[in-house]
Amino acid sequence: METELIKGNKQEEIKKNTSKVYFFIIAIAALVVTNVYFYVKFKSSGEKVYALTVEKENLEVEIDRIEAELDKMKIENIQLSPPLIEKEQNARKKIIDLRTKLAQKQLSQSDIDHAQSTITSLKSEVAYFSLDVNRLIQENKILAEKNSLLQKEVSASSTKISNLESSNTNLASKVNVAAAIKVSNIAVYGLQEKRNDKVEVEERAKRVDKLSINFNIADNTLAKVGKKDIFVRIIDPQGNLIINQDDNTFYAHSEKLQYTFKSTIDFTNHGEEYSLYWKDDKKFTKGAYTVLLYADNAIMGRSTVVLK
């Protein structure tokens, strides 16, 4: 009886131990399954994040290429029309928006897909924009070539005009020279003033009161009739030009000269004789006085009188 009781207790204890073993086995199996589940889950999530990161980097590279294409067109310094300027501005705005979205820390596959779609559309827009710019470059080249040819033609025409103007100037200069009046004869005398407004020719310097300059003008069919300014230059016996004012100047043969006095005559081109008179503020001295006459920017003639 006692022996049977002992056997029953042992069997009961064996059953309890067996139940504990099964419990631990089940618990371990559950733990293994859980670990496997989370391992697979996190591994899949990590691969997904990695894939999104790679796609994001690829999209950023594509954006860089598109922006570089726009910058290249800008470097070419093409004057864009308003519609092309608007296209460029729209493309750059889309690039800014894309960079802003891709800069976000958490991106879903939907965000990546939307960005990819936008980039594809942007590529197409920039491609058409590039075609428009290239067409504009070609048009500018054609215009530049036409402008170059036109400038050459204008330059050739300007050269011809310049040559004609030069010829006309030379011709006009020759005509002016030919039209200038000249004296046919000229004589200078010393005069002494007497009472009753009478004058006599005098050769002695101390008795001379003024010089009389007498000349005839040769006929010239090219010369214009009318009033003529006669500029007179008188050189004293010491070789000095006699001038009364420093601003008494005129031009002859393109040279600025000073004159002693000026007079105006009425030129009729009929060979008239003219007389001009000059009285010095100082006493006349012994020696030769040279008189030079100028008109029409050229010399008319000269003569000398010797006072004793």
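No donor-acceptor pair closer than 3.5 Å links the side chain of Thr290 to the backbone N or O of Ile235. Looking only at distances, a side-chain donor or acceptor of Asp219 sits under 3.5 Å from a matching main-chain atom of Gly271. Not a single donor-acceptor pair under 3.5 Å links the side chain of Asn269 to the backbone N or O of Val225. Between the side chain of Asp236 and the backbone N or O of Gln238 there is at least one donor-acceptor pair closer than 3.5 Å.
Here the straight-line distance linking atom OG of Ser275 with atom CZ of Phe215 works out to 8.0 Å at 0.5 Å rounding. The structure places NZ of Lys228 at 9.5 Å from CE of Met300, a figure rounded to the nearest 0.5 Å. Here the CG-OH distance, from Leu293 to Tyr274, works out to 12.5 Å after rounding to the nearest 0.5 Å. Between Asp266 atom CG and Lys227 atom NZ the span is 4.5 Å, to the nearest 0.5 Å. For the atom pair CG (Asp209) and CD (Gln192), the distance works out to 6.0 Å, reported to the nearest 0.5 Å. Separating the CD atom in Gln258 from the CZ atom in Phe250 is a distance of 10.0 Å, to the nearest 0.5 Å.
Between Val291 and Ile213, the shortest heavy-atom contact is CG1-CD1, 3.7 Å. Of all the heavy atoms in Asp229 and Ala295, the pair that sits closest is O-CB, 3.7 Å. Across Ile181 and Ala223, no two heavy atoms sit closer than the pair CG2-CB, 3.9 Å. Looking at every heavy atom in both residues, Gly301 comes nearest to Val183 through CA-CG2, 3.7 Å. In this structure, Glu202 and Leu307 approach most closely via the heavy-atom pair O-CD2, 4.2 Å. The two atoms that bring Ala205 and Phe284 nearest to each other are O-CB, 3.7 Å, heavy atoms only.
Residues Tyr289 and Val232 fall within the same hydrophobic cluster, defined by Ile, Leu, Val, Met, Phe, Trp and Tyr side chains chained together at heavy-atom separations under 4.5 Å. One hydrophobic cluster, built from ILVMFWY side chains closer than 4.5 Å, cannot hold both Ile234 and Leu292; they sit in different ones. Ile230 and Leu257 fall into different hydrophobic clusters, where Ile, Leu, Val, Met, Phe, Trp and Tyr side chains are chained together by heavy-atom contacts under 4.5 Å. Under the 4.5 Å side-chain heavy-atom criterion for Ile, Leu, Val, Met, Phe, Trp and Tyr, Leu241 and Ile299 are members of the same hydrophobic cluster.
Using a 4.5 Å heavy-atom cutoff, the side chains of Val201 and Leu191 are in contact.
Remark: Arg207 engages no residue in a salt bridge (Lys or Arg N to Asp or Glu O under 4.0 Å) (not counting sequence neighbours).
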message = Between Ile265 and Ile217, is the side-chain contact (heavy atoms from CB on, under 4.5 Å) condition met? List the steps.
response = CA-CA 11 Å; Ile265 65 171; Ile217 298 178; 3.6 Å; yes
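Under the 30°/60° scheme for interplanar angles, the aromatic rings of Phe261 and Trp278 are found to lie parallel.
Other residues, nucleotides and ligands contribute only 12 or fewer heavy atoms inside 6.0 Å of the CD atom of Glu203.
Aromatic pair Tyr259/Tyr294: ring centres not closer than 6.0 Å.
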